Each structure stands twice: as C-alpha cells, then as structure tokens.
Amino acid sequence: MNNGGNYKRRRKDTFSDDEDSCSTDHEPKKKDLNGIITSLLLLEEQEKRDHDEQNEVSYEEKSISESNHKRKTRTMLEFYTNLQDYYSEIDETDRVKRKKSRALAASVVASAAVSQTENQSPNQQNKQSGSGQQRRLWVKDRSKAWWDECNRPDYPDEEFKKAFRMSKSTFELICEELNSVIAKEDTTLRNAIPVKQRVAVCIWRLATGEPLRLVSKRFGLGISTCHKLVLEVCSAIRSVLMPKYLHWPDEDSLRKIKEEFEGISGIPNAVGSMYTTHIPIIAPKISVAAYFNKRHTERNQKTSYSITVQGVVDPRGVFTDVCIGWPGSMNDDQVLEKSALFQRANGGLLKGVWIVGNSGYPLMDWVLVPYTQQHLTWTQHAFNEKIGEIQKVAKEAFGRLKGRWGCLQKRTEVKLQDLPVVLGACCVLHNICEMREEGIDPDLEFELVDDEMLPEVALKSVSSMKARDAIAHNLLHHGLAGTAFILSVAEFRQSELVTTMDMTETCPYHDAPKVLDEFSVHFDHDDPVGGRKGIVHIGFSRPGSLFLVIKQTLIKGRVGPDISQEKALSTKQIYGNWFKPIWCHSKNRGKHVKTLQQELGS
C-alpha cells in the first residue's frame with residue numbers, strides 16, 4: 001500500500017513539473033503575439049491617419065481648382081459681355097453713320113433736282129410734271145452693252161444659244177416660271193434688276209464657268225451683286241423648278257421607260273441608268289482628307305479635291321433622281337448607300353425593277369451590274385455588251401451635263417456649303433434642255449474620266465445573281481444578244497503586203513458561223529515563184545482575247561492548220577511561215593498593217 005501511495009505521489013509531482021514547464025514556454029510566445037498584434041494595430045492606425053491627411057489635401061486642392069475655374073469663367077463671361085457691348089456700340093455707330101450718309105445723299109439729290117427745276121424753262125417744267133420727276137440712281141455707272149445686245153428681240157437665236165446653251169424660247173420659259181419668286185420692286189435710290197437679267201447672269205455663269213469679275217463686266221453689275229444673283233436664282237430653280245422637272249416617274253412613265261430600255265438592250269424591267277461623277281472643288285477648310293480624290297490626283301499628278309454627283313437617267317438622258325454633295329474620297333457604292341434612292345429602295349419602291357449601274361456598284365435586288373470576273377463565258381460577254389448599251393445612256397447624259405454647264409469642269413469660287421444648290425440647279429436646267437430637245441454644240445462635248453473602283457462586297461444578293469444569269473441566258477439563246485467584230489484580211493506575197501480588206505459585222509453569237517460563211521474571202525492568184533494559190537476562210541474573234549477559227553489554208557502546195565473549234569493562238573503562231581494569205585482580228589485598223597509588217601520583219 002505504501003508503495004502504491006508513493007508511486008501516485010511521484011506521478012503527481014511529475015505532472016505538476018510538466019505543467020510548470022509548459023506554462024513557462026507559452027509565456028514568451030504570448031508576449032510575441034501580443035507585440036505583433038500591437039504593431040499591426042499601430043500600422044493600421046497610422047495608415048488611416050495618412051489616408052485622412054491625403055483626403056484633406058486633395059479636398060483643399062479641389063476647392064482651390066474649383067474656385068480658380070469659377071473665377072476664370074466669370075472673367076471670360078465679363079470679357080465676352082464687354083466685347084458684345086463694344087461690337088453693339090460699333091454697329092450702332094455704323095448704323096447712325098449710314099443713316100446720316102443716306103440722308104445727306106437724299107438731300108443732295110433733292111437740292112440738285114430743285115436747282116435743275118429752277119434752271120429749266122416753264123415749258124420743260126410742264127413736260128416733267130406731266131411725266132413724273134426724273135430720279136438719279138445711287139449706283140456706279142457700268143456698261144451693259146453686251147447684255148443689251150443679247151436682249152434685243154432681233155438678236156440671232158444661234159448666238160444666244162451659244163452664249164446661254166439654250167434657245168430664247170427656253171430661256172423665256174424659265175424666266176416666266178421664276179418671275180414670282182425672284183422679281184424685286186424698285187426703291188427710292190435705285191431701280192430693281194429685271195428678272196431676265198437676273199436669270200441671264202446665273203445661266204451665263206453656269207454655262208461658261210467664268211469668274212465673277214468677267215460676269216460683272218458682261219452684265220454691268222457689281223461682283224458681289226452677281227454672286228448674290230447666282231445663288232438666289234439657283235435656289236429658286238431648285239425650290240420651284242426641281243419638283244416639276246426632276247422627280248421619280250409615275251407608273252405610266254415607268255412602263256414607257258421599261259419598253260424603251262428593253263428596245264435598246266433586250267434587258268427587261270430596267271427603269272434607269274445610274275452613274276456617279278466627280279466635281280472638282282477648292283481644298284476645303286475642314287475635313288480635307290474626306291474630299292481628297294486619290295485617283296484623280298494620281299492620274300493628273302496634281303492634288304485634287306472633289307464632291308460627287310450620283311444620277312439616274314431615263315432613255316432620253318433626263319435625270320429622274322440625283323444625290324449631290326458627298327465627299328470625293330467615297331466610292332460609288334458608298335455614295336449609293338448614303339442616297340435617298342437607297343432608302344426608298346429598301347422601303348420597297350423599286351421592287352421588281354432594275355436600275356443599271358457600272359462595275360463600281362454592287363449587284364443587289366434592284367441594281368443590275370455587268371460581270372466583272374476574269375475568263376467570261378460567251379453568255380456573260382453577250383450580257384455585258386447589252387448592259388453596256390444602257391450604261392452608255394447615263395454616261396453620255398453626264399457628258400452633256402458637264403459640256404453644257406462649264407462650271408462643273410473646273411474648280412469654282414462657290415463655297416462648299418452652297419455647291420449642292422448650284423449643282424442641283426445645273427441638273428434641273430439640263431432636264432429642261434433635254435425635254436425641249438435643245439441640242440448641244442459638238443464643240444462643247446465633254447469626255448468623262450471617272451475611275452470605276454470595284455466595291456468591297458460586289459454581291460449583296462444571291463437571288464439577284466440568279467436573276468442576272470437568267471437574263472443573260474435569255475439574251476443569248478433568244479437571239480437578242482449580238483457582237484460587233486472587225487475582220488481584217490491581208491494577203492502577202494514574198495513577204496510584201498499585197499491586199500488588205502476590213503469588214504465590220506454585228507450579229508447574234510449563235511449566228512456568227514453563218515455570217516462568217518457568207519463573208520468568206522478567197523484569194524485566187526498565181527504565185528510568181530511556184531504558181532501556187534492561197535485560200536483563206538475568215539474566222540471569228542472572241543471579245544477580250546485573240547481567238548481564231550481557221551477552216552483551211554493552202555500555202556505553197558500544203559494545207560495549213562485545220563481548226564474546227566475555237567483555239568487561242570500566240571502571235572508567232574498567227575504570223576508563222578504558213579500565213580500566205582492569212583487574216584487577223586484588230587480593233588484598231590490603222591495599226592493592223594503596221595503590226596503585220598513588224599511581225600514579218602521579225
């Protein structure tokens with residue numbers, strides 16, 4: 001028992017010793033932990049104080065900045081108010097001066113009239129009292145001899161048309177239409193400019209494109225007056241005459257247009273021919289890059305700026321829709337997307353009809369364009385030739401527009417914001433001349449140079465592609481598509497040119513073999529060396545490439561190539577040793593013989 005009790009006491013003492021040692025070990029750890037926590041709290045408190053100080057500093061800076069801004073704003077407003085007051089005082093002073101000068105001028109005129117009346121005899125005074133007092137005009141005296149000559153009733157119509165691009169009857173019609181809008185009344189100090197002279201100033205300026213200085217001399221008016229008249233009359237033409245002479249056709253007119261275009265090309269449902277041209281301008285002060293015309297600059301080696309005019313014409317070359325004023329850096333397809341015509345087409349206005357454009361436009365449900373890929377088939381060639389007949393209508397109409405109105409051919413003095421009004425007036429006047437069958441002088445014909453850039457997305461409708469293919473197929477296989485080709489036949493004897501013959505023929509593609517058989521040429525002659533004969537049958541040239549179909553050639557007792565189908569031949573093969581006689585296709589007849597001689601020499 002004693003031993004068991006001793007054991008328990010010893011064990012208890014051991015445990016107490018262990019506990020003392022553990023407590024002794026934990027005390028320094030607790031102290032370390034407390035130190036760390038205290039440090040973290042101090043750091044957090046320090047950071048908070050720093051943050052508060054930073055906020056105070058930023059708030060002070062913000063307050064200072066706001067006060068400075070308010071002070072500057074108040075100063076600017078005060079300056080602007082003072083400036084407005086200063087200008088108001090100047091305007092008031094100028095107004096008073098002008099009023100005094102007018103009063104002085106009126107008194108001078110009145111005193112002169114009184115003195116003149118006093119100096120006149122009683123009989124002269126009685127005459128003037130019956131006819132009214134004669135007034136002096138407060139204007140600079142300028143010569144109007146040229147316009148007075150043109151305005152005479154017996155002035156030759158040919159000379160009038162040469163000056164104003166239209167006959168007297170058309171000119172008088174325009175004056176009649178605009179009379180109620182542009183007519184002015186006489187004032188105390190001056191007589192109003194007559195309506196005819198107003199219209200004449202505008203039309204002569206548009207027709208010749210001459211500077212305002214020359215317009216002023218021709219019509220005996222001030223330069224600023226001429227500029228004002230041009231803008232006023234152009235604005236009146238656009239507001240009064242455009243709704244009457246330039247608008248989209250009604251249903252009856254559209255039916256006639258379809259029939260005429262189909263008669264020209266065989267393409268059904270065509271209601272217009274579309275083209276976009278560029279009008280040169282002076283470099284604008286804003287958005288210069290937008291109006292920069294890169295293609296014209298590269299071609300002319302001179303920096304060019306322009307704005308665009310997109311137009312749709314009927315078979316007579318009369319505009320039915322125009323879109324004017326977009327910058328010259330835009331391609332044709334981009335201008336089309338910005339036009340009101342595009343918006344109306346998306347609204348369903350042009351459903352089931354075609355507007356024909358060139359390769360610069362994309363193929364859409366209502367825009368029909370030629371094939372542009374390489375290696376075209378006969379069907380596609382035939383279609384391109386026929387659609388070219390419609391394209392030519394628009395291009396020739398724009399050529400007459402620029403030829404008739406010379407202001408469109410060179411950079412003008414008109415401001416950029418006023419140009420759409422002037423260009424719109426030119427299009428309306430063009431329509432009036434075309435409707436009244438006013439011919440254009442051949443010397444005024446203008447050749448258009450507008451680069452056609454292929455659009456980024458050339459196909460915007462799969463259904464339109466199928467429709468175009470169907471039209472091309474019908475044109476070819478119903479005998480509506482034809483081709484114009486030139487056949488040149490040359491006979492050589494001992495490397496010397498003896499005879500040449502050129503023939504031009506137009507026929508449908510599928511009738512070409514029959515026509516060629518009818519025009520086959522046989523040269524029967526005695527060869528001075530061997531007494532042999534040469535025979536050649538004319539072949540056919542495929543558009544775009546040089547292709548030959550040679551049936552039989554007898555040369556020096558042997559038969560030449562016998563080709564029963566189309567085959568492309570190189571120049572050396574064509575002008576080889578078996579060429580006596582032989583033919584070749586040439587679009588330029590003048591160079592044809594020279595080319596043959598050069599090949600023979602080589």
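Keep in mind it's a predicted model, so treat the numbers as computed, not measured.
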May I have the list of side-chain donor-acceptor pairs in residues 313-320 shorter than 3.5 Å, sequence neighbours left out?
unit_1 : atom_1 : unit_2 : atom_2 : d
Asp314 : OD1    : Arg316 : N      : 3.0
Asp314 : OD1    : Gly317 : N      : 3.2
Asp314 : OD1    : Val318 : N      : 3.0
Thr320 : OG1    : Val312 : O      : 3.2

Could you check whether any side-chain heavy atom of Lys395 comes within less than 4.5 Å of a side-chain heavy atom of Asn358, counting everything from C-beta outward? no

Between Asp157 (side chain) and Lys168 (backbone), is there a donor-acceptor pair under 3.5 Å? yes

Please check if any side-chain donor atom of Ser306 sits under 3.5 Å from a side-chain acceptor atom of His278, or the reverse. yes

Check whether any side-chain N or O of Asn331 sits under 3.5 Å from a backbone N or O of Asp333 as a donor-acceptor pair, and report yes or no. no

Output for pair (His381 NE2, Leu376 CG), nearest 0.5 Å, gives 4.5 Å

Kindly compute the distance separating OG (Ser463) from CG (Asp365), expressed to the nearest 0.5 Å. 4.0 Å

Pairing donors with acceptors under 3.5 angstrom, does anything connect the side chains of Tyr361 and Thr276? yes

Please identify each residue that fulfils side-chain hydrogen bond (donor to acceptor under 3.5 Å, both in side chains) with Glu434, with sequence neighbours left out. Arg400, Arg404

Side chain to side chain, Arg165 and Leu444, heavy atoms closer than 4.5 Å: yes

Ionic contact status for Asp469 with Lys466, cut-off 4.0 Å: no

Once rounded to the nearest 0.5 Å, what's the spacing between atom CG of Leu336 and atom NZ of Lys338? 12.0 Å

Student check: side-chain heavy atoms of Cys234 and Asp418 closer than 4.5 Å: no

Using a 4.5 Å cut-off on heavy atoms from C-beta on, say whether the side chain of Val421 contacts that of Leu231. no

Interatomic spacing from SG in Cys427 to CD1 in Ile324 - rounded to 0.5 Å: 4.5 Å

Sort out for me which residue in Glu158, Glu438, Lys161 forms a side-chain hydrogen bond (donor to acceptor under 3.5 Å, both in side chains) with Ser167. Glu438

With rounding to the nearest 0.5 angstrom, report the CD1 to CG distance, Ile279 to Leu423. 5.5 Å

Tell me whether the rings of Trp147 and Phe164 are parallel (<30°), tilted (30 to 60°) or perpendicular (>60°). perpendicular

If we only count heavy atoms from C-beta on, is the Trp366 to Val353 side-chain gap below 4.5 Å? no

Please walk me through it: do Ile174 and Met166 pass side chain to side chain contact (heavy atoms under 4.5 Å, CB included)? CA-CA 11 Å; Ile174 295 171; Met166 61 181 67; 3.7 Å; yes

Test side chain to side chain contact (heavy atoms under 4.5 Å, CB included) on Asn431 and His247; report intermediate values, then the result. CA-CA 10 Å; Asn431 277 9; His247 55 82; over 6 Å; no

pair Phe342-Met364: side-chain heavy atoms closer than 4.5 Å: yes

How far apart are the closest heavy atoms of Val367 and Met274, and which atoms are they? CG1-CE, 4.2 Å

Taking Thr308 for the side chain and Gly328 for the main chain, is one N or O donor matched with an acceptor at less than 3.5 Å? no

With a 3.5 Å distance limit and no angle check, can you tell me whether Ser329 reaches the backbone of Ala290 through a side-chain donor-acceptor pair? yes

Side-chain (Ser265) to main-chain (Glu262) donor-acceptor, under 3.5 angstrom: no

What closest approach, in Å, do Ala283 and Tyr305 show between heavy atoms, and which atom pair accounts for it? CB-CE1, 3.5 Å

Is any side-chain N of the basic residue among Arg218 and Glu210 closer than 4.0 Å to the acidic one's carboxylate O? no

Could you pull out all residues at least two apart from Lys402 that satisfy side-chain hydrogen bond (donor to acceptor under 3.5 Å, both in side chains)? Thr277

Looking only at atom types and distance, does a side-chain atom of Thr297 sit under 3.5 Å from a main-chain N or O of Asn293, one as donor and one as acceptor? yes

Can you check whether Thr377's main-chain N or O pairs, donor with acceptor, with Gln380's side chain at less than 3.5 Å? yes

Under 3.5 Å, is there a donor-acceptor pair between the side chain of Gln409 and the main chain of Gly406? no

Can you classify the ring geometry of Phe171 versus Phe160 as parallel (below 30°), tilted (30 to 60°) or perpendicular (above 60°)? perpendicular

Taking the side chain as every heavy atom from C-beta outward, state whether Val422 and Trp405 have any atom pair closer than 4.5 Å. no

Quick one: are Leu173 and Arg436 in side-chain contact, heavy atoms under 4.5 Å? yes

Pair Val230-His227, side chain to side chain contact (heavy atoms under 4.5 Å, CB included): steps then yes or no: CA-CA 5 Å; Val230 170; His227 177 67; 5.7 Å; no

Are any of the side-chain nitrogens in Lys392 or Glu389 under 4.0 Å away from the carboxylate oxygens of its partner? yes

Quick one: CG on Leu341 to CD on Gln310, what's the gap to the nearest 0.5 Å? 6.5 Å

